[in-house]
Amino acid sequence: MEPVTTDEHIVERALTGDADAFGEIVKRWERRIFALAYGMLGREEEARDATQETFLAAFKNLRAFRGEAKVSSWLHRIAVNQCITRQRRAKVRSEAALDDEEEKNAAAFKAPSELLPARVAEGQERIEAVRRAVYALPVDLRQVVVMKEFEDLTFREIADVLDLPLSTVKSRLYTALKQLQMRLQKYGA
Amino acid sequence: MSEAFDPIACDRDEDRIAFLYGELGDREARSFDQHRRNCPACESELLDLGWTRQSIAAWRDQSLCLTSFASTSDAAVAEPRQAHRRSALAAIRSFFELSPLWLKGAAGFAVLLLCVLTGLAISGLLHGSHVTPSAVTQAYSQREFEEAVNKKVDARLAELASQPKEKSAVGLSEKNRSTDETRPARNSSNREMTAANATPKKQSKPLTRAERYQLAADLRLVTDEDDDTLQLLGDRLNRDK
């Protein structure tokens, strides 16, 4: 049985000029990075773009990787930054649309039974409610939830990615889950 | 001393969340597990947070299934290959499944027509191969036919040659007379010429007296007074000949 090549070894090969080495990194992590981006941004196209930009930025800054953190953490950090940058750009471009969206979300939480059509399945309603609730969270809380639920990163890994203390990560995740719980209870899901 | 039920007082939020996600160490997990059995607040919080996690997981699973990113990374490369591996028979089958009824009928008719034409062509080739030996026999029978024809022609010529001359001469003059009757415009010189030409050429035997007289009467050349002249004339004609 061949030994599994670690990400760090692959990065070392990429740094020595191996053209296929970074492709191996992409193949290993593209799905998880996409899941993270999708959880953060909520749209497939934007998640694709963010994923591509993440690996592009990683390739450009490959020599800056010093091996102090894990490659996965490093990639996740880049992905989170890309997603946050995208969200800020979108917020600057359409401030009014974001407010309208927040109002819609709030209205949905207040009286969901009156707004949603009757034909929508109950399970689908619940999922939609969760989606709205997650995207109604502040960015710093949302990214912790997404990294934990979509990527299944440990608290330590999230702390490394976000460069936060471990307790802060736990506290943010707890706060995020409590807010989601309150929103979903109001929604009735 | 047991802790009173007070959700605000019990501020082990981080332990709850770590316990919820299974990130407490073994010793810490046993300690908190013991605590939550005696803390309704923690027990209630854990239930609520667990229900919220399930909701998030449902949304996550649906989101990742609907996105096609995984297919592009894993199966997209295989899809063209699989499509490429589709056999022509499968493509034809899918074509007929998707095509309308009239197109199916037209295709079936075209196939049937092609089969019929192919069968006719094959049968034509086989028939042609059988015709080839008969061509030889036909050539053989053609030669025989020609020989038979030549024989018959020769026999007919001999028969015609053996026929009496006067019959042929009289028949010829009668024929000319009937022809003249149908053509009244023909002048008498032609008639005389025809009769005169016909009689000496066909005649191989000298005319008898009666024949000479009849001929002259027909031609209205002589009267009764010229009998002797006719006889002399006949002798002269025979002598000249």
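Proteins come first, then strands; the chains are lettered A, B, ... in the order of their sequence lines, and each starts at number 1. Computed from a predicted structure; not experimentally measured.
- Every residue meeting the ring pair (Phe, Tyr, Trp, His ring centres under 6.0 Å) condition with B:W59, not counting sequence neighbours, appears here in chain and number order: A:Y135, A:F150.
- Using a 4.5 Å cut-off between heavy atoms, A:V26 makes no contact with chain B at all.
- The structure places NZ of A:K148 at 12.0 Å from CD1 of B:I56, a figure rounded to the nearest 0.5 Å.
- Atoms CZ and CD1, on B:R60 and A:I127 in that order, are 11.5 Å from each other to the nearest 0.5 Å.
- B:R16 places a side-chain heavy atom less than 4.5 Å from the side chain of A:Y174.
- Annotation for B:R53 and A:E149: closest pair NE-OE2, 3.1 Å, computed over non-hydrogen atoms.
- In B:E146, the CD atom is crowded: over 12 heavy atoms of neighbouring residues, nucleotides or ligands sit closer than 6.0 Å.
- Here A:R63 pairs with nothing under the salt bridge (Lys or Arg N to Asp or Glu O under 4.0 Å) rule; sequence neighbours left out.
- Between the OG1 atom of B:T52 and the CD atom of A:Q179 there is a distance of 11.5 Å, given to the nearest 0.5 Å.
- By a heavy-atom distance cut of under 4.5 Å, B:A18, B:L20, B:Y21, B:E23 are the residues of residues 18-27 of chain B near chain A, going up by number.
- At a threshold of 4.5 Å between non-hydrogen side-chain atoms, the residues B:L49 and A:K178 count as touching.
- Near-neighbour residues of residues 161-169 of chain A relative to chain B, defined by a heavy atom under 4.5 Å from a heavy atom of that chain, comprise A:S167.
- Put simply, the side chain of A:L177 does not reach to within 4.5 Å of the side chain of B:D48, judged on heavy atoms.
- Taking 4.5 Å as the limit, some side-chain heavy atom of A:L184 sits within range of a side-chain heavy atom of B:S55.
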